[in-house]
Every structure is written in C-alpha cells, then in structure tokens.
There are 2 protein chains.
Amino acid sequence: MPQLEHFDHYVRFFKVLGEPQRLKIVGLLAQSPHTVEQIAKTLKIGVSTVSHHLSRLSDAGLVSAKAESYYSIYRLNSEALRDMARTLLRQTEKPTVAGAENPDAFERKVLATFTESDGRIKAFPTQEKKYLVLVRHVLTAFEPGVHYTEKRLNQILANYNEDTARLRRSLVEYHYMAREGGGGKYWRIDTPASADTSGAD
Amino acid sequence: MPQLEHFDHYVRFFKVLGEPQRLKIVGLLAQSPHTVEQIAKTLKIGVSTVSHHLSRLSDAGLVSAKAESYYSIYRLNSEALRDMARTLLRQTEKPTVAGAENPDAFERKVLATFTESDGRIKAFPTQEKKYLVLVRHVLTAFEPGVHYTEKRLNQILANYNEDTARLRRSLVEYHYMAREGGGGKYWRIDTPASADTSGAD
DNA sequence: GAACTATTTCGATAAATATAGAAATAGTTC
DNA sequence: GAACTATTTCTATATTTATCGAAATAGTTC
C-alpha cells in the first residue's frame with residue numbers, strides 16, 4: 001500500500017468543503033478571523049449549527065480556534081488549502097497505468113484473444129476499449145524513469161508486433177509515453193501509484 | 001455581486017469529490033479510461049450506482065464520456081482538477097477585508113466604545129477580537145491598489161491615533177497591508193471580494 | 001429487423017447529516 | 001464566588017443521497 005493512508009483525509013477535506021454553509025464560512029474566515037456568533041449572524045443560521053460546522057472544518061485541519069476572553073476566535077488555515085491545491089496540481093501532472101500488472105477478467109479475456117502465449121499481438125481490435133488493454137500490455141515492457149532511443153524502442157516493440165510505428169504512435173497518443181522534441185528519446189510518463197484506488201473493504 | 005455565480009459550481013465540485021466511491025472512481029480514471037462495468041467490478045458495487053456517480057462527476061465537469069461500440073468510455077477531465085487547484089492557490093494568496101464597510105452590531109458597538117465621533121481611536125482594547133475591528137476600521141482609510149510611502153502612511157494613521165507605529169505594525173501583522181522590502185512602500189493586499197460569502201437565500 | 005449488450009432511468013430503502021433548541025460546559029468579570 | 005457570556009454537547013427531526021434491483025433505453029451485431 002503506497003501513500004494511500006491519506007485517502008480518508010482527502011475525502012474529509014472535499015466533503016467538508018462540499019457544503020454551502022461551510023464553504024461560506026471558509027469565505028468569511030478567508031477575509032478575517034471571526035467568532036461563532038458573528039458567523040451565525042452573518043449567515044443567519046443557529047450558533048449550534050455554526051459550531052458544528054466549525055468542528056468539522058477543524059477536523060479537516062482547515063480552521064483553528066484560539067480562546068480570547070469570552071470568545072473563540074476562528075481562523076482559516078490557508079496552508080491546508082494551499083497544500084491540497086498543490087497536491088492536486090501534482091496529481092494532474094502524472095497520469096498512471098496502475099492495474100496493468102494484475103489484469104481483471106475483461107483484460108485477461110482481451111489478452112487471451114488478441115495475444116499469443118509469448119505476449120505477441122495477433123491482431124488489433126477495433127474497439128478502443130480493447131485496444132487500450134493491448135497498449136497497456138505493451139507498456140509493461142518499459143521501465144519507468146528509463147529513456148529509450150527510438151531505435152531501442154522499436155526493437156522492444158517488435159517483440160509484440162511488426163507494426164512498431166502503430167504501437168509507438170499509440171503509446172504517445174494515449175499519453176503513456178512522452179517523446180523529446182529533438183533527439184528522439186522516449187520514456188514512460190506514469191508513476192507507480194497516484195491517489196488511492198485499491199479499496200477500503 | 002462579483003464573480004460569485006461560481007459559488008454553486010465550487011460546492012458541486014467539492015461535494016462530488018467528497019464521496020469515497022467517487023473519489024476512487026476519479027483515481028481509476030486518472031490512470032486510464034474505463035467503462036462503467038469495469039469500474040463496478042473493480043469497486044465491487046452495482047453498475048447503476050456507478051452510472052449515478054459518473055453522472056454526478058459529469059455534472060461537475062470532472063469526467064466526460066465517449067460512445068464506443070457497446071461501451072461508454074469515461075475519461076477524467078484533468079483540466080477541471082487543474083483549474084480548481086489553481087483557483088485555490090490564487091485565493092489563498094489574497095486575504096480580503098470585506099464587511100469592513102457595513103459593520104454588524106458587534107463592530108458598531110466596538111467602534112462606538114473605542115473611537116470618537118470623528119473616527120479617532122480613544123483607546124486600544126486588549127481583546128484581539130475587538131482590536132481587529134479597529135485595525136479594519138483604520139484600513140478603510142487606504143485605497144486598494146495605491147502605494148503609500150511610509151511618511152504618507154504615518155500622516156494618515158495619525159488621524160486615528162498618535163501611536164502610528166503600533167497601527168502600522170498591526171496592519172502588516174494581520175496581513176491587511178504589505179511592505180516592500182527596500183523603499184518603504186505600503187499597500188493594501190486585499191481584493192474587493194474573494195469567494196462568495198454574501199449568501200444564497 | 002431480431003437478438004443482444006452496456007448503460008441509464010426509475011422506484012424504493014437505508015444511511016448520513018444539516019439544522020435548531022435545550023442543557024451542559026468553560027471561562028470572564030466584578 | 002456569584003452572575004454572566006459564548007461556546008459546545010446533546011437530542012431529535014427533516015433533508016439529502018448512496019445504493020440496489022428492475023425496467024427502459026440506446027446502440028451494435030449478424
């Protein structure tokens with residue numbers, strides 16, 4: 001299990017912000033610190049409700065309170081928002097191919113139908129869904145982080161099918177591999193694992 | 001009303017991602033396009049449930065579908081995630097002071113207690129909550145977007161209290177004003193309005 | 001066009017939770 | 001310490017919604 005213990009934290013973060021009143025509270029706190037009563041009056045909802053929302057925001061690490069005389073002054077933790085925003089940006093820059101190494105029933109079926117026992121591709125399916133299975137199958141022949149010359153790439157692709165140009169084009173088209181502008185170097189642009197998808201139960 | 005018509009969109013975005021199964025689906029689609037059935041099998045939930053989730057993800061602009069033979073192949077809209085991440089980053093860089101011009105009951109009371117009728121500050125409250133009201137009160141004397149020399153800043157602050165150094169320090173400390181490193185220029189670092197807080201009802 | 005396939009829609013149910021009022025708590029002021 | 005204040009906790013209720021099975025739909029294959 002990779003960095004997946006953060007999954008629950010992500011869910012909490014989004015769920016907490018996915019409620020109109022709470023998002024408004026965050027908006028208020030983004031402008032300046034507030035007390036519970038101030039928020040309740042501005043939003044025209046009960047204090048106990050506000051307290052409840054602040055408690056959930058606090059659980060998610062989005063706000064923090066500070067006692068001051070009678071009042072609890074709540075502040076926004078801008079860092080929490082910033083961190084999540086950066087995490088999201090990082091994620092969107094790295095497509096992945098997880099699941100390629102333990103195929104489900106459908107993928108097994110497609111591989112059984114369209115590849116030889118040694119892995120060579122017998123024929124290309126027209127359905128994109130099936131074709132993608134084969135592209136990912138070919139991708140497993142390449143190491144993440146390694147740069148391949150086009151010549152070496154073609155040698156490896158030739159183990160799968162004589163139409164190496166087609167395979168090369170598909171790998172790039174589906175963003176499984178990147179190509180350097182000039183020198184003709186290729187490399188995998190995925191990562192071992194992105195967000196949690198392995199499951200909870 | 002500023003750019004607040006996006007409020008509902010923000011809520012939908014966060015709410016949609018704040019559900020474990022949907023977040024897992026996003027994780028799957030971040031790796032590769034999937035059909036409804038594939039997702040259902042991987043997550044061990046019913047197809048109709050997956051279809052429902054995909055529908056909500058689609059409403060939020062997070063995924064898009066493409067018909068292909070029997071199947072609907074769903075893809076992640078990475079741009080939607082990227083855009084939101086960038087919006088969040090932008091927001092966290094701009095604290096604001098909205099609400100300073102129409103004070104609520106509490107702020108009125110504080111201002112009545114601690115300022116003269118001409119706006120001068122009679123005394124400084126020790127409670128931070130009340131002190132903040134005065135800091136924001138002083139801030140209204142400055143125009144957004146205008147750069148002030150320290151000399152001019154002190155002239156204006158002197159209209160509120162002789163302890164101009166304290167006021168200047170507080171304005172910077174609470175991030176209502178920024179100071180340029182060398183030349184001693186000051187300016188408001190807020191914006192007219194950030195996320196929606198004005199209200200939906 | 002008939003048979004078939006994946007997906008979507010519909011209807012119903014169970015679980016999660018936003019909300020508010022009342023009671024309890026923690027802390028301040030005099 | 002007594003009176004007071006804001007906040008939190010508790011209890012209950014109403015709303016939202018995740019989930020599934022069945023029926024309806026849209027599209028493909030032969």
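The chains referred to below are lettered A, B, ... by the order of the sequence lines, with proteins before strands, and numbering in each begins at 1. Predicted, not measured: the structure shown is a model, and the values here were computed from it.
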- Message: For chain A and DNA chain C, what are the first and last nucleotides along the strand, 5' to 3', with at least one atom under 4.0 angstrom from a heavy atom of the protein chain?
- Response: C:dT17 to C:dT29
- Message: Whether B:Arg179 and B:Glu150 form a salt bridge (side-chain N of Lys/Arg under 4.0 Å from carboxylate O of Asp/Glu) is what I want to check.
- Response: no
- Using a cut-off of 4.0 Å on non-hydrogen atoms, how would the nucleic acid contact of A:Ser55 be classed: base, sugar-phosphate, or nothing? nothing
- Report the residue from B:Tyr186, B:Trp187, B:Phe142 that forms a ring pair (Phe, Tyr, Trp, His ring centres under 6.0 Å) with B:Tyr148. B:Phe142
- Message: With heavy-atom distances below 4.5 Å as the criterion, would you say the side chains of B:Ile45 and B:Ile39 are in contact?
- Response: no
- Task: Answer yes or no for B:Arg188 and B:Tyr176: cation-pi contact, defined as NZ/CZ to six-membered ring centre under 6.0 Å and angle to ring axis within 45°.
- Result: no
- Could you run through nucleotides 17-22 of chain D and give me one letter per nucleotide, 5' to 3': B if any protein heavy atom sits under 4.0 Å from the base, S if only the sugar-phosphate is that close, - if neither? SSBBBB
- Query: When you measure from the centre of the six-membered ring of B:Phe114, is the NZ or CZ of B:Lys122 under 6.0 Å away and within 45° of the axis?
  - Reply: no
- Item | Reported OG1-to-CG distance for the pair A:Thr113 and A:Leu134, which is rounded to 0.5 angstrom | 9.5 Å
- Query: Should B:Arg12 and A:Glu19 count as an ion pair when the cut-off is N to O under 4.0 Å?
  - Reply: no
- Task: Determine to 10° how strongly the helix from C:dG1-D:dC30 to C:dC30-D:dG1 is bent, judged from the axes of its five-pair ends.
- Result: 40°
- Is there a side chain to side chain donor-acceptor pair (under 3.5 Å) between A:Arg120 and A:Asn161 once you walk through the steps? CA-CA 6 Å; A:Arg120 283 191 66 84; A:Asn161 193 274; 5.9 Å; no
- Quick one: are A:Val63 and A:Ile25 in side-chain contact, heavy atoms under 4.5 Å? no
- Task: Evaluate the side-chain proximity of A:Thr115 to A:Tyr160: yes if any heavy-atom separation is below 4.5 Å, no if none is.
- Result: no
